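A short write-up of the structure that comes next.
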Amino acid sequence: ARLHDPRTVVELRGDVVESNARFDRIGMGLASLIGSAQLRSDTAYHALQKELRRSRTAVATVLLAVIAATVFAIVWSRRTITRPLRGLATALRRFRDDPAQPVQAAATTRDEIGEIASGFNELVQTIQSREQALEQSARMLREGNGKLRVEVMERVAAEARLRRSQELLEAAQSAGGIGVFDLDLHSQLLRGSSHFFAMLGLPPGTSTITQDHWLGLVHPDDLEALATAYGEAINQGGSYAIEYRVLRPDRTTCWVGGSGRVIVDEQNEASRIVGSIIDITRRKSAETELKSVAESLSLAQTAGGVATFDLDLRSGIQRHSDNLPELLGLPRGARVDRQAWLDRLHPDDREAALHPAREPGDEGRRYHGEYRIVRPDGEVAWIAEQGVSVHDDGRMVRLSGALQDVTARKRAEQALADAQARLSRAVRGTSDGLWELEYATGRIWFAPRVAEQLHYAPGLLPTTSEGFLRLVHDDD
């Protein structure tokens, strides 16, 4: 609405005119300002050109000085820095290639390079001295390791030998029925082998028991004897050997042969007992059985009047049955040797007794003979001896045999001979001949008178009925 108002248009025109006038004034001011600025700029430019020329001259001068200083520094550095550094580098390469060879860097100046070279030389000397010390230590260590290796190998070998010895010992102990033990008298602890505790009837794995436990396993009838031998060995510092019975926990009895030796300490006081036991149950059973057999044999020999002997002429050892002294008229238990036997021989039979009839055999020369002995009470007894003599290079070394009292037989034989002689005299007085026929066997016996009557030599008549019938005349 205002735009269509004339007054508004007049006002706007007045404003435009005023604005144009202002713009003109501003333009004039800007032109003046630009002119002034251009003048100052030209002046400054000319001043700057002048200053630039002076600066170029100064820069050229400075560059020439720098170039000269650089050339001088290069020459100086080659003499004072490069050569020492090159020598130091060479020394470093030589030291790197062979740290053991002597290396010396030239330290000709007292500046930092010289201090570096001196420090390098000291460092090289320190490193080389330490290298030498390390090499010596390494050599000593190698030598020590070698010795240690040898010692270790020897120890390993010794331990292996010890294990083998222990295994062999255990095997030998088991095979031989031997158990070993070590009793500490101060702690009263007893350590032993596995076979030792096995013989005592203790569980497998037992390695240590007390002394009271051990003695508690001993048979009550044998405990006093063992304690006596045990105490005497400790008091005298010696050894003991005894046989005793062990009552095992399962109530079985085992005979053992025990022996031990007392070990004394620095104060010469008993400290340990080292010993062993061996299972002798079988031997004891055999001894008991042998004793029973020997007693039975002795009774049979005594009842039969037979005594045995065994004489080793090389060692002089003689064994005989218990009844041999009684057979010779000596007290029971008396020692009978060859001289005692010779003293009992009858003077008339001494030669026959010393040289009996002999015949060869598989075990030696068998002999037999009969002779008389005179007992201490004057009784004369007949002895029949049979035996075997063993010879070595023609020399008798052993004599074994049996003696039997045949006095009763000899007396019976003598009585029979006397009766036969009386009968023979009686028959001879009657001019009769006696004979006897056994129907069961067909054997026939003739008295000596019959042989005379038939004009046969003694012993030539037949001994059977068939043989006698062949002598009878055919017509009879």
Side-chain angles (χ1 to χ4, degrees), residues 243 255 257 280-392 395-418:
E243 296 178 354
W255 271 97
I280 59 173
T281 304
R282 292 184 178 179
R283 194 198 80 192
K284 280 293 185 179
S285 300
E287 287 178 354
T288 302
E289 184 176 355
L290 181 60
K291 184 178 180 181
S292 177
V293 171
E295 291 176 352
S296 300
L297 179 60
S298 178
L299 291 175
Q301 289 177 342
T302 302
V306 179
T308 58
F309 67 91
D310 184 6
L311 174 61
D312 190 333
L313 299 176
R314 286 177 294 193
S315 63
I317 298 176
Q318 177 173 326
R319 301 177 182 87
H320 58 76
S321 59
D322 295 338
N323 63 330
L324 181 58
E326 296 180 2
L327 187 67
L328 299 178
L330 301 176
R332 187 174 183 85
R335 177 177 176 79
V336 178
D337 53 16
R338 184 171 177 79
Q339 187 59 45
W341 173 73
L342 291 174
D343 293 341
R344 302 273 74 81
L345 291 178
H346 193 284
D348 296 340
D349 297 342
R350 189 180 185 88
E351 188 67 19
L354 293 175
H355 301 88
R358 301 179 184 276
E359 57 184 15
D362 295 338
E363 299 178 355
R365 298 180 182 179
R366 295 182 178 275
Y367 70 92
H368 59 87
E370 295 182 351
Y371 51 86
R372 288 169 293 176
I373 62 171
V374 181
R375 291 173 174 157
D377 59 1
E379 179 187 3
V380 177
W382 276 94
I383 300 297
E385 179 178 349
Q386 292 186 359
V388 177
S389 61
V390 180
H391 294 73
D392 186 8
R395 180 171 172 266
M396 185 169 62
V397 296
R398 187 173 181 180
L399 191 64
S400 301
L403 304 179
Q404 183 178 9
D405 187 346
V406 294
T407 304
R409 178 172 65 81
K410 280 292 186 178
R411 289 175 181 173
E413 290 177 352
Q414 185 62 43
L416 179 58
D418 293 342

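Sequence positions, counted from 1, serve as the residue numbers for this chain. Note that the structure is predicted; figures quoted are calculated from it, not measured.
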Below 4.5 Å, heavy atoms only, C-beta onward: do [X] and [Y] meet side chain to side chain?
X	Y	result
His320	Pro325	yes
Glu385	Trp341	yes
Val336	Phe309	no
Ile383	Glu370	no
Leu324	Leu403	yes

Let me confirm one number: the CZ-CG distance from Arg319 to Leu311, rounded to the nearest 0.5 Å. 10.5 Å

Between CG of Leu345 and CG of Leu354, what distance do you get to the nearest 0.5 Å? 6.0 Å

Run the side chain to side chain contact (heavy atoms under 4.5 Å, CB included) test against Ala412 and tell me which residues pass, sequence neighbours left out. none

Please check if the side chain of [X] supplies one atom and the backbone of [Y] the other of a donor-acceptor pair under 3.5 Å.
X	Y	answer
Ser389	Met396	no
Arg375	Leu327	yes
Thr281	Trp255	yes

side-chain hydrogen bond (donor to acceptor under 3.5 Å, both in side chains) partners of [X], counting only residues at least two apart:
X	answer
Ser285	none
Asp418	Gln414
Arg344	none
Asp310	Arg398, Ser400

For a quick test of reading the model, state the closest non-hydrogen atom pair linking [X] to [Y] and the distance between them.
X	Y	answer
Val380	Arg411	O-NH2, 4.2 Å
Pro376	Leu328	CD-O, 3.8 Å
Ala334	Leu330	CB-CB, 4.3 Å

Is the closest side-chain donor-acceptor distance between Tyr367 and Gln386 under 3.5 Å? no

Not counting sequence neighbours, which residues clear salt bridge (charged side-chain N to carboxylate O under 4.0 Å, His left out) with Arg283? List them please. Glu243, Glu287

Salt-bridge test for Glu289 and Lys284: reply yes if a basic N is under 4.0 Å from a carboxylate O, no otherwise. no

